[in-house]
There are 2 protein chains.
Amino acid sequence: MRLSTRVRYGCRAMVDLALHAGDGPVALEVLARERHLPDRYLAKIIQDLRRSGLVSSVRGAGGGYVLRAPLDSISLLDVYEALEGPFCPVECLDDPDGCEIVEECVTREVWDEVQKSLNAVLKSVTLADLVRRHNEKAGKS
Amino acid sequence: MRLSTRVRYGCRAMVDLALHAGDGPVALEVLARERHLPDRYLAKIIQDLRRSGLVSSVRGAGGGYVLRAPLDSISLLDVYEALEGPFCPVECLDDPDGCEIVEECVTREVWDEVQKSLNAVLKSVTLADLVRRHNEKAGKS
DNA sequence: GTAAACTACACCAAACAGGTGAACATTATG
DNA sequence: CATAATGTTCACCTGTTTGGTGTAGTTTAC
């Protein structure tokens with residue numbers, strides 16, 4: 001169970017956008033360079049973020065991407081779900097009808113707890129928190 | 001981030017062994033049949049469980065597999081780690097030296113929390129708990 | 001009108017998941 | 001001792017997913 005690079009890259013990009021909040025649109029190329037990400041791959045990722053309404057894009061020269069909501073109202077769960085859909089460790093959580101084996105349901109509750117606990121962790125961290133941590137680190141070093 | 005079938009099948013098999021605790025060795029074929037699992041695939045999985053010391057095997061006719069420890073001392077975390085190694089959502093948690101990008105470390109703490117919280121959930125559930133739940137369900141229906 | 005951006009769609013290689021097949025080693029039982 | 005019932009090992013295979021790349025557009029500031 002590894003986190004996909006999609007989500008990791010997406011989070012990095014979102015943090016970068018958060019650090020640039022107020023600066024106007026940030027071009028894809030800038031994001032990619034600042035976060036050391038493959039630009040065309042990032043382009044695909046950021047399209048998903050746009051389609052989910054987390055960022056808005058400005059086309060044409062001088063364009064780029066901007067966060068659509070205040071920093072403290074965007075959580076990492078939002079980013080995760082924009083890129084991978086709702087976190088679901090096993091299929092039978094989404095689709096209980098597919099679970100015909102009674103005995104399996106003994107562990108089902110555990111996977112449900114896993115789901116809830118991960119969702120809670122991700123939901124509890126917002127871009128504002130990450131920016132704060134970033135500044136603290138920058139300040140110390 | 002889906003749970004692999006390795007882990008799901010492994011957990012099912014361990015629960016089955018737990019339900020048979022005290023009955024002597026349970027043959028692979030029986031496990032596979034009772035849990036509706038592909039037998040040769042299960043064979044590979046159960047070898048990992050054996051190598052990790054969770055089950056012991058009895059070879060030859062009349063042989064099979066037996067749990068090596070009391071039900072309440074085997075957690076799902078043990079099973080998970082036997083089959084997939086320690087849960088690590090991102091590489092940089094295991095290998096901090098590979099993490100050169102400072103900014104990424106802002107999210108690293110989050111992945112660390114994710115890791116800890118999932119480990120806690122899995123560690124809190126033992127085979128004894130699952131057997132108990134199983135019996136409760138069987139009793140109700 | 002032209003350059004700087006985003007957008008869309010097709011494609012691709014490597015890794016991994018999930019599973020199969022066959023041969024061999026061990027042991028209970030008659 | 002023979003044989004059948006088991007576990008053990010190793011090689012292989014196929015479809016899907018991951019992590020990208022390439023190319024041809026479209027939009028807009030200047």
Side-chain angles (χ1 to χ4, degrees), chain A residues 1-13 17 20 23-68 80 83-85 87-91, chain B residues 1-13 16-17 20 23-68 80 83-85 88-91:
Chain A
M1 287 231 297
R2 283 261 157 127
L3 208 63
S4 65
T5 59
R6 284 180 63 75
V7 170
R8 287 197 296 123
Y9 291 0
C11 288
R12 283 200 222 172
L17 286 177
H20 281 99
D23 297 359
V26 184
L28 178 69
E29 200 212 326
V30 175
L31 282 176
R33 186 163 12 91
E34 291 187 351
R35 297 295 155 174
H36 307 89
L37 302 175
D39 56 352
R40 305 207 207 102
Y41 187 33
L42 180 58
K44 285 208 304 193
I45 293 172
I46 214 165
Q47 286 308 313
D48 287 336
L49 295 172
R50 179 180 60 85
R51 291 192 196 98
S52 302
L54 292 183
V55 306
S56 56
S57 64
V58 180
R59 301 184 68 158
Y65 299 94
V66 203
L67 295 178
R68 278 194 81 174
Y80 184 99
L83 296 174
E84 304 238 304
F87 168 64
C88 179
V90 295
E91 207 180 350
Chain B
M1 286 232 296
R2 283 260 156 128
L3 207 64
S4 64
T5 59
R6 285 179 62 73
V7 171
R8 287 197 297 123
Y9 290 2
C11 289
R12 282 201 223 172
D16 207 46
L17 285 178
H20 281 98
D23 297 359
V26 184
L28 177 70
E29 200 213 324
V30 175
L31 281 175
R33 186 161 14 91
E34 290 188 352
R35 297 296 153 172
H36 307 89
L37 303 175
D39 55 353
R40 304 210 207 100
Y41 188 34
L42 179 59
K44 286 208 304 193
I45 294 171
I46 214 164
Q47 286 307 313
D48 287 337
L49 295 173
R50 180 180 62 83
R51 291 193 197 97
S52 303
L54 292 183
V55 307
S56 56
S57 63
V58 181
R59 301 183 68 159
Y65 300 93
V66 202
L67 294 178
R68 278 192 80 175
Y80 184 98
L83 296 174
E84 304 239 304
C88 180
V90 296
E91 208 180 349

For [X] and [N], give me the distance from atom [atom1] to atom [atom2], rounded to whole Å.
X	N	atom1	atom2	result
B:Leu28	D:dT9	CG	P	14 Å
A:Arg8	D:dT18	CZ	P	13 Å
A:Arg12	D:dG19	CZ	P	12 Å
A:Tyr65	C:dA4	OH	P	17 Å
A:Arg40	C:dC12	CZ	C1'	13 Å
B:Glu29	D:dA4	CD	C1'	13 Å
A:Leu83	D:dT18	CG	P	12 Å
B:Asp39	D:dG7	CG	C1'	13 Å

As an exercise, state the distance from [atom1] of [X] to [atom2] of [Y], rounded to the nearest 0.5 Å.
X	Y	atom1	atom2	value
A:Leu31	A:Tyr65	CG	OH	8.5 Å
A:Arg6	A:Tyr80	CZ	OH	11.0 Å
B:Leu17	B:Arg12	CG	CZ	14.0 Å
B:Cys11	B:Arg35	SG	CZ	11.5 Å
A:Arg8	A:Ile45	CZ	CD1	10.0 Å
A:Arg2	A:Ser4	CZ	OG	12.0 Å

Has [X] got a side-chain N or O lying under 4.0 Å from the OP1 or OP2 atom of [N]?
X	N	answer
A:Tyr9	D:dG20	yes
A:Ser57	C:dA5	no
A:Thr5	D:dT18	no
B:Arg6	C:dG18	no
B:Arg51	D:dG7	no

Protein heavy-atom contacts under 4.0 Å, written 5' to 3' over nucleotides 25-30 of chain D as B (base), S (sugar-phosphate only) or - (none), form the string BBBBS-

Item checked: Non-hydrogen side-chain atoms of A:Lys44 and A:Arg40 separated by less than 4.5 Å ->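 Sidechains of A:Arg40 and A:Lys44: no contact.
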
Do B:Tyr41 and B:Thr5 have side chains that get closer than 4.5 Å, going by heavy atoms? yes

*asked:* Quick check on contacts: within residues 41-50 of chain A, what sits under 4.0 Å from DNA chain D by heavy-atom distance?
replied: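 Heavy-atom contacts with DNA chain D come from A:Tyr41, A:Lys44.
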
(Q) Need one value for B:Arg2: base, sugar-phosphate or nothing, where a base atom within 4.0 Å counts as base even if backbone is also close, heavy atoms only. (A)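 No contact.
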
Query raised in the report: Of the non-hydrogen atoms in B:Asp48 and B:Leu83, which two are nearest, and what is the gap between them?
Result: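 So the two residues come closest at CB-CD2, 3.8 Å.
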
